[in-house]
Amino acid sequence: MESEFTALDICAEEAEWLRQFVEDIPEWPKPVMAICIHGDNQSAIGRAQRTMYNGESRHIIRRHKTIRQLISTGVITVDWVKSKDNIADPLTKGLSRDVVYKSSRGMRLKPMNE
């Protein structure tokens, strides 16, 4: 769970940077909507949405404060997605051909001709 929470924090910081970048574009419609982060680890998402953190690890406390601040200010939202529907899975582990094909279609990639 700690590694998933760390990944969520890094993703949230990148989303904050991306949102600030988009807000600086003059022609972009304002206000910029919250960036939705999808995760497949329910315990990490639950911890992110809790207002208090009662753990002992300092690095997780800092990450929790960052994520809570971004959620409360409306920069990000965190939603759960089933692992089988997570289109980022081919980027993190080996999968069968069918799952890779389904995920690549979900990412709107063109299939390779054999």
K.L.:
Roughly how far, to the nearest 0.5 Å, is the OG atom of S43 from the CD atom of E2?
P.N.:
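Interatomic distance, E2 CD to S43 OG, rounded to 0.5 Å: 10.5 Å.
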K.L.:
Which pair of non-hydrogen atoms, one from K30 and one from I25, has the smallest distance, and what is that distance?
P.N.:
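Heavy atoms of K30 and I25 come nearest at NZ-O, 2.8 Å.
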K.L.:
Do D98 and S96 meet the criterion of a side-chain donor-acceptor pair at a distance under 3.5 Å?
P.N.:
no
K.L.:
Restricting to non-hydrogen atoms, name the atom on I67 and the atom on A12 that form the minimum distance, rounded to 0.1 Å.
P.N.:
CG1-CB, 4.4 Å
K.L.:
Could you pull out all residues at least two apart from E13 that satisfy salt bridge (Lys or Arg N to Asp or Glu O under 4.0 Å)?
P.N.:
R62
K.L.:
Looking at F5, is its backbone amide N or carbonyl O close enough to the side chain of R47 to form a donor-acceptor pair, meaning the two atoms are under 3.5 Å apart?
P.N.:
no
K.L.:
Find out whether V75 and I35 are in side-chain contact, i.e. whether some heavy atom of one side chain is under 4.5 Å from a heavy atom of the other.
P.N.:
no
K.L.:
Give the minimum heavy-atom separation between G74 and A34, together with the two atoms involved.
P.N.:
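Shortest heavy-atom contact: O-CB, 3.2 Å.
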K.L.:
Can you find a heavy atom in the side chain of K65 that is under 4.5 Å from one in the side chain of Q69?
P.N.:
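No - every pair of side-chain heavy atoms lies 4.5 Å or more apart.
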K.L.:
Is there a side-chain contact between H38 and C36, using heavy atoms and a 4.5 Å cut-off?
P.N.:
yes
K.L.:
Is I37 reachable from V81 through a run of I, L, V, M, F, W or Y residues, each pair having side-chain heavy atoms under 4.5 Å apart?
P.N.:
no
K.L.:
As an exercise, state the distance from OG1 of T66 to CZ of R68, rounded to the nearest 0.5 Å.
P.N.:
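The OG1 atom of T66 sits 12.0 Å away from the CZ atom of R68.
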K.L.:
Please answer: with hydrophobic residues joined when any side-chain heavy atoms are less than 4.5 Å apart, are W28 and F21 in the same cluster?
P.N.:
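Yes, one cluster joins them.
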K.L.:
So, do D40 and E4 sit near enough that their side-chain heavy atoms are less than 4.5 Å apart?
P.N.:
yes
K.L.:
Please round to the nearest 0.5 Å and tell me the distance separating atom CG of L70 and atom CZ of R19.
P.N.:
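Nearest 0.5 Å value for the CG-CZ distance: 9.5 Å.
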K.L.:
How long is the straight-line distance from CG of L8 back to CG of N41, given to the nearest 0.5 Å?
P.N.:
9.5 Å
K.L.:
Measuring only between side-chain heavy atoms, which start at C-beta, is I76 closer than 4.5 Å to V78?
P.N.:
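Counting from C-beta outward, I76 and V78 do come under 4.5 Å.
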